[in-house]
Amino acid sequence: MESQESQAAPDEARAITLLRLGSLDAIDLLYDRYAAALLRLARYMSGSDSDAEDIVHDVFVGLPKSIRTYREEGRLGAWLSRLVVNRAIDLRRASARRAALHRIAAAQQIAAADSVVVHDLDMDAAIATLAPTLRDVFVLRAIEGYSHADIAALLGIRTGTVHVRYFRAVRALRSLLGESEC
């Protein structure tokens with residue numbers, strides 16, 4: 001076992017030097033040596049095979065930049081393990097933030113849906129309080145989508161009367177629902 005560690009030290013030192021010089025071959029060497037152990041650690045930390053693969057991938061992709069922080073005060077494998085643990089914790093935090101944001105968004109959607117239902121109920125009640133002549137014009141125009149000319153023909157009144165009644169109905173509803181006039 002000791003001969004393996006003594007042989008690993010010069011290879012690691014060479015890999016670190018090459019990595020600091022920007023060599024991608026050094027990443028391959030370190031990957032071959034440490035990826036299996038780091039992947040196992042990442043699986044334990046994340047609880048997911050796909051997250052573990054992402055964590056190890058991120059560590060090795062970021063290695064050319066991260067190697068600048070390595071002080072060569074201990075085993076390289078321990079330092080890489082610390083990078084994996086930190087990345088797993090970051091991933092867990094990000095996942096928790098996303099989950100919290102999804103919960104907030106879902107709560108807001110439920111609240112918005114409830115307010116739409118309440119608004120619809122308020123609107124129905126407000127429409128019911130309109131005088132029948134105003135209610136007829138409003139329902140035909142705003143809800144059913146008829147044109148002013150079609151409403152005039154349906155109700156047997158002039159188009160100008162439809163305009164006036166529709167305007168009065170909208171003004172009355174805004175007042176009843178507490179909305180400002182535009």
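Keep in mind it's a predicted model, so treat the numbers as computed, not measured.
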**OP:** Starting from the C-alpha separation in whole Å, work towards a yes-or-no answer on side chain to side chain contact (heavy atoms under 4.5 Å, CB included) for V162 and L155.
**Re:** CA-CA 9 Å; V162 172; L155 298 178; 5.6 Å; no
Original post:
Under the side chain to side chain contact (heavy atoms under 4.5 Å, CB included) criterion, do L18 and D25 qualify, and how do the steps go?
Top reply: CA-CA 8 Å; L18 290 172; D25 292 336; 5.8 Å; no
Subject >> Whether S95 side chain and L91 backbone form a donor-acceptor pair below 3.5 Å >> reply: no
**OP:** Identify the heavy atoms of V84 and A42 that sit nearest to each other, and give their distance.
**Re:** CG1-CB, 3.8 Å
Original post:
Which residues pass the salt bridge (charged side-chain N to carboxylate O under 4.0 Å, His left out) test with R92, sequence neighbours left out?
Top reply: none
Subject >> Taking every non-hydrogen atom, the tightest pair across W79 and L63 >> reply: CZ3-CD1, 3.8 Å
**OP:** Taking all non-hydrogen atoms of both residues into account, name the closest pair between P64 and I27 and its distance.
**Re:** CG-CD1, 3.7 Å
**OP:** Find the distance between NE2 (H148) and CZ (R158) and round it off to the nearest 0.5 Å.
**Re:** 15.0 Å
Original post:
Would you say the side chain of R20 lies within less than 4.5 Å of the side chain of R68, judging by non-hydrogen atoms?
Top reply: no
Original post:
Is a side-chain donor-acceptor pair under 3.5 Å present for S46 with S48?
Top reply: no
Subject >> Side chain proximity check, F60 to L38, heavy atoms < 4.5 angstrom >> reply: yes
Original post:
Hey, what do you get for OG1 (T133) to CZ (R168), rounding to the nearest 0.5 Å?
Top reply: 8.5 Å
Subject >> Side-chain donor or acceptor of S66 paired with backbone N/O of G62 under 3.5 Å >> reply: yes
Subject >> Sub-4.5 Å side-chain heavy-atom contact between L30 and L76 >> reply: yes
Original post:
Out of curiosity, L21 CG to I67 CD1, how far, rounded to the nearest 0.5 Å?
Top reply: 11.0 Å
**OP:** Working to the nearest 0.5 Å, report the span between NE2 of H163 and CD1 of I151.
**Re:** 9.0 Å
Subject >> Closest non-hydrogen atom pair between R135 and L130, with its separation >> reply: NH1-O, 3.1 Å
Subject >> Value rounded to 0.5 Å, distance of NE2 in H57 from OH in Y31 >> reply: 9.0 Å
**OP:** Find out whether I55 and M45 are in side-chain contact, i.e. whether some heavy atom of one side chain is under 4.5 Å from a heavy atom of the other.
**Re:** no
Subject >> R141 versus Y146, closest heavy-atom pair with distance >> reply: NH1-O, 3.0 Å
Original post:
Taking all non-hydrogen atoms of both residues, which atom of L29 and which atom of R14 are closest, and how far apart?
Top reply: CD2-NH2, 4.3 Å
Subject >> Among D90, V85, L83, I89, the one residue meeting side chain to side chain contact (heavy atoms under 4.5 Å, CB included) with R87 >> reply: D90
Original post:
Cluster question for you: counting only ILVMFWY and a side-chain heavy-atom cut-off of under 4.5 Å, with indirect links fine, are L154 and Y166 together?
Top reply: yes
